[in-house]
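Each remark here refers to the structure printed beneath this line.
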Amino acid sequence: MFIYDSVQKTKREFKSLQEKKVSLYVCGPTVYDDAHLGHAKSALVFDLLTRVLTANGYDVTYARNITDIDDKIIKKALEQKKDIKEITDFYTEAFHKEMASIGVERPTIEPKATESLETMTELIQKLIDSNHAYATAEGDVYFDTASDSEYLKLSSRVQEEDDKVQRVESSSLKKNPADFALWKSVKDNTVTFDSPFGKGRPGWHLECSAMIEKHLAKPDAEYAVDIHGGGADLLFPHHENEAAQTRCGTNHALANYWMHNGFVNIDGEKMSKSLGNSFFLKDALKEYDGEVLRFYLLSTHYRSNFNFNTEDLATSKKRLDKIYRLKKRLFGLAENCEPTKFQEHLLESLSDDMNVSSGLALIDEMISHANEALDTAGKHKVLKREVISNLSYIENILGFGVKNAFEYFQFGIDEDTKSRIDDLIVKRNEAKKEKNFEASDKLRDEILAFGVSIMDTAQGTFWEKV
RNA sequence: GGUGCCAUCGCCAAGUGGUAAGGCCGCAGCCUGCAAAGCUGCUAUCCCCAGUUCAAAUCUGGGUGGCACCUCCA
């Protein structure tokens, strides 16, 4: 298996720290608002990584945090006059629900910041004791970036000259402008936590380092985790700072491999609150089947920036439709458990830094071959079972085609409409039987008016939402 | 300004030295009462210039054009 390491900027063969075991940590959401397509992309990428690692025989421990301490959460709580926990619980639950609808499985561990305060303060204390952090007169604790010779190496950055100028202007008590907060003193009565350094709140970067130590790190290993992942924007400063904290506060480096997924843009523009073009997952799910979104968001390489637009989404749907149509053709048959060459090749593609694109090419070719064979040798049982086994493999490793094929094609059509369509199909078939094609074509037009297409097959007449 | 990434058929998109995967769209055909679905066939020399090499989309240099990060952000 190969993974592109975004810190070393090269594709590396994956070797786990422990035999056949992988620890994976991914930066999760700050639960103060609805998840947008970018959250979905990141969750999907690492969901797929977990599946591919598992298919390669690894036992994966996947941790993704929930950041439930944050200024933005507090701000929202004050605005809405609600309790912090009410806000975080609401968005955490929404996150889980929406992720489930695009086929993202729950991580092995989902640590919350509020449940890891002790680990965080312990880590701060270690950093203070080893002279990598200092407390100011105001009660804040900062990481001393000058004390870490490795600082900025992770993100290949150079210390900027004007940083030193800013120091004069800054009213902060930081020794160095690059120093970042580990603990922020809070004087008011909003939300504070007790610590040996006084009342306050932990710094954002600290959270991840602490969670990794608590849940994943093996004391004697060279690295705390095998793989650390997150969005491309997290490399600096978040991951840089995380790495510094762990490096200086423990006896190991943070991660052996770093993976960063590319960004989701909307119609060529960056998605952001200020531009007002955030695309929330919950809104997308009203219009599109979750699996179509999954297919679309995963169809491009995870490292590339992704340009979301409805035309390409429609193309992805057509591609996913083909999987489901084949599934319909084989409805009700059992699978053969023998692994096929196709499955071997698919895993090979996905194991090469998750090359989904070439995997999809294999899938499309497999579908074509299967349809061709079914057209010419429809009663070939061994072949059918092999194809079903292939489809089942795709379901497991990519999460494509997991639904009932008939229900998939009926997304967004209510029960009443369904029965009306079915009635019309019965009437149309009667007309066809009597060779009254004028009547049958008229009935077909009525059916098409519901926004569906119909197809006559050997198994009967089926309809699909267009 | 600093750092880094990218540029492949109308559109989406693989491919990092050996002579351009796949999908969508389009065209032709098979199938069909007609359709739809399915199948078959057809469609690019890889932004520009120069260089390295027996051989380059793939390496090097220079241009042009996009984009990202440097601030909370997946």
Side-chain angles (χ1 to χ4, degrees), chain A residues 6 9-11 26-30 32-33 35-46 64 67 70-72 75 152 155-163 178 204 229-238 240 260-265 268-274 278 296 299-307 309 311-322 325-326 328-329 349 352 355-376 432 435-438 440-441 444-445 447-448 452-458 461-464 466:
Chain A
S6 44
K9 298 194 202 313
T10 179
K11 205 186 271 187
V26 177
C27 296
T30 300
Y32 72 102
D33 205 349
H36 57 229
L37 293 173
H39 293 109
K41 169 89 181 175
S42 181
L44 284 167
V45 165
F46 293 102
R64 183 183 60 202
T67 299
D70 188 274
D71 289 352
K72 290 189 287 287
K75 190 173 167 232
L152 295 183
S155 54
S156 319
R157 231 154 259 276
V158 287
Q159 195 79 39
E160 287 176 39
E161 279 299 311
D162 43 325
D163 275 0
W204 173 48
D233 56 330
L234 259 31
L235 180 54
F236 186 85
H238 187 52
E240 182 71 61
H260 292 94
N261 64 274
F263 260 53
V264 178
N265 297 324
E269 284 199 65
K270 184 181 169 169
M271 181 169 32
S272 77
K273 298 243 164 85
S274 52
S278 284
Y296 179 40
S299 64
T300 315
H301 194 92
Y302 74 90
R303 277 188 278 125
S304 311
N305 281 338
F306 190 94
N307 186 28
N309 64 80
E311 290 78 16
D312 293 343
L313 177 62
T315 299
S316 277
K317 182 186 178 302
K318 286 180 187 171
R319 226 172 162 176
L320 181 59
D321 286 351
K322 296 202 295 187
R325 289 208 186 95
L326 181 56
K328 275 206 300 196
R329 289 188 80 168
S349 279
D352 181 16
N355 193 334
V356 178
S357 214
S358 68
L360 289 180
L362 292 169
I363 290 174
D364 279 317
E365 279 163 5
M366 186 279 286
I367 292 173
S368 282
H369 291 151
N371 275 321
E372 187 190 2
L374 289 167
D375 282 349
T376 52
K432 276 177 67 181
K435 302 245 188 271
N436 185 350
F437 296 123
E438 200 181 324
S440 72
D441 285 353
R444 179 167 60 197
D445 287 342
I447 296 167
L448 263 40
V452 301
S453 67
I454 60 170
M455 47 210 64
D456 299 323
T457 74
T461 301
F462 299 112
W463 61 271
E464 297 180 358
V466 178

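Just so it is clear: chains get the letters A, B, ... in the order the sequence lines come, proteins before strands, and each one is counted from 1.
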Between [N] and [M], how far apart are the two [atom1] atoms, rounded to whole Å?
| N | M | atom1 | result |
| --- | --- | --- | --- |
| rC48(B) | rG10(B) | P | 13 Å |
| rG33(B) | rC42(B) | P | 29 Å |
| rG15(B) | rU58(B) | C1' | 9 Å |
| rC46(B) | rA57(B) | C1' | 4 Å |
| rA37(B) | rG66(B) | P | 39 Å |
| rA55(B) | rU19(B) | C1' | 8 Å |
| rA21(B) | rU43(B) | C1' | 15 Å |
| rC9(B) | rG41(B) | P | 23 Å |

Please give the nucleotide sitting opposite [N] as a Watson-Crick or G-U wobble pair, both distances under 3.5 Å, or none.
| N | result |
| --- | --- |
| rA7(B) | rU64(B) |
| rG26(B) | rC42(B) |
| rA57(B) | none |
| rC34(B) | none |

Where is the tightest heavy-atom contact between His260(A) and Leu235(A), given as atom of each residue plus distance? CE1-CD1, 3.6 Å
Residues Ala232(A) and Phe263(A): closest non-hydrogen pair is N-CE1, 4.0 Å
So if I define the base as every atom that isn't primed, P, OP1 or OP2, how would nucleotides 5-14 of chain B read as a B/S/- string at a heavy-atom cutoff under 4.0 Å? ------SSSS
Take the protein atom [atom1] of [X] and the nucleotide atom [atom2] of [N], then report the distance between them rounded to whole Å.
| X | N | atom1 | atom2 | result |
| --- | --- | --- | --- | --- |
| Lys72(A) | rU71(B) | NZ | P | 15 Å |
| Asn261(A) | rC69(B) | CG | P | 13 Å |
| Leu152(A) | rG2(B) | CG | C1' | 12 Å |
| Phe236(A) | rA74(B) | CZ | P | 17 Å |
| Asp233(A) | rC70(B) | CG | P | 7 Å |
| Leu320(A) | rC24(B) | CG | P | 13 Å |

Strictly distance-based, threshold 3.5 Å: is any side-chain N or O of [X] a donor or acceptor partner for the main-chain N or O of [Y]?
| X | Y | value |
| --- | --- | --- |
| Asp456(A) | Thr461(A) | no |
| His39(A) | His36(A) | yes |
| Ser299(A) | Tyr296(A) | yes |
| Tyr302(A) | Leu44(A) | no |

Describe the nucleic acid contact of [X] in one word from base, sugar-phosphate, nothing, applying a heavy-atom distance below 4.0 Å.
| X | value |
| --- | --- |
| Gly38(A) | base |
| Val45(A) | nothing |
| Lys41(A) | nothing |
| Phe263(A) | base |

N/O contacts under 3.5 Å, protein versus nucleotides 34-38 of chain B?
| residue | atom | partner | partner atom | Å |
| --- | --- | --- | --- | --- |
| rC34(B) | O2 | Arg444(A) | NH1 | 3.3 |
| rC34(B) | O2 | Arg444(A) | NH2 | 2.4 |
| rC34(B) | N3 | Arg444(A) | NH1 | 2.9 |
| rA35(B) | N1 | Asp456(A) | N | 3.3 |
| rA35(B) | N1 | Asp456(A) | OD2 | 3.3 |
| rA35(B) | N3 | Arg444(A) | NH1 | 3.2 |
| rA36(B) | N1 | Asp456(A) | O | 3.3 |
| rA37(B) | O3' | Arg325(A) | NH1 | 3.4 |
| rG38(B) | OP1 | Arg325(A) | NH1 | 3.3 |
| rG38(B) | O3' | Asn371(A) | ND2 | 3.2 |
| rG38(B) | O2' | Asp375(A) | OD2 | 2.8 |

Quick one: do Lys317(A) and Asp321(A) satisfy salt bridge (Lys or Arg N to Asp or Glu O under 4.0 Å)? Show the steps, please. CA-CA 6 Å; Lys317(A) 182 186 178 302; Asp321(A) 286 351; 3.0 Å; yes
Counting heavy atoms from C-beta on, name the nucleotide in rG23(B), rG2(B), rG33(B) closest to the side chain of Ser440(A). rG33(B)
Check Lys11(A) with Asp352(A), please: is the shortest side-chain N to carboxylate O separation under 4.0 Å? yes
Any salt bridge linking Asp441(A) with Arg444(A)? Criterion: basic side-chain nitrogen under 4.0 Å from a carboxylate oxygen. yes
side-chain contact (heavy atoms from CB on, under 4.5 Å) assessment of Phe46(A) paired with Arg64(A): CA-CA 10 Å; Phe46(A) 293 102; Arg64(A) 183 183 60 202; over 6 Å; no
For Asn371(A) and Arg329(A), test the side chains for any donor-to-acceptor distance below 3.5 angstrom and give the result as yes or no. yes
Residue mapping more 5' on RNA chain B - nearest nucleotide basis, Lys11(A) or Glu438(A): Lys11(A)
Between Gly262(A) and Pro237(A), which is nearer to the 5' end of RNA chain B once each is assigned its nearest nucleotide? Pro237(A)
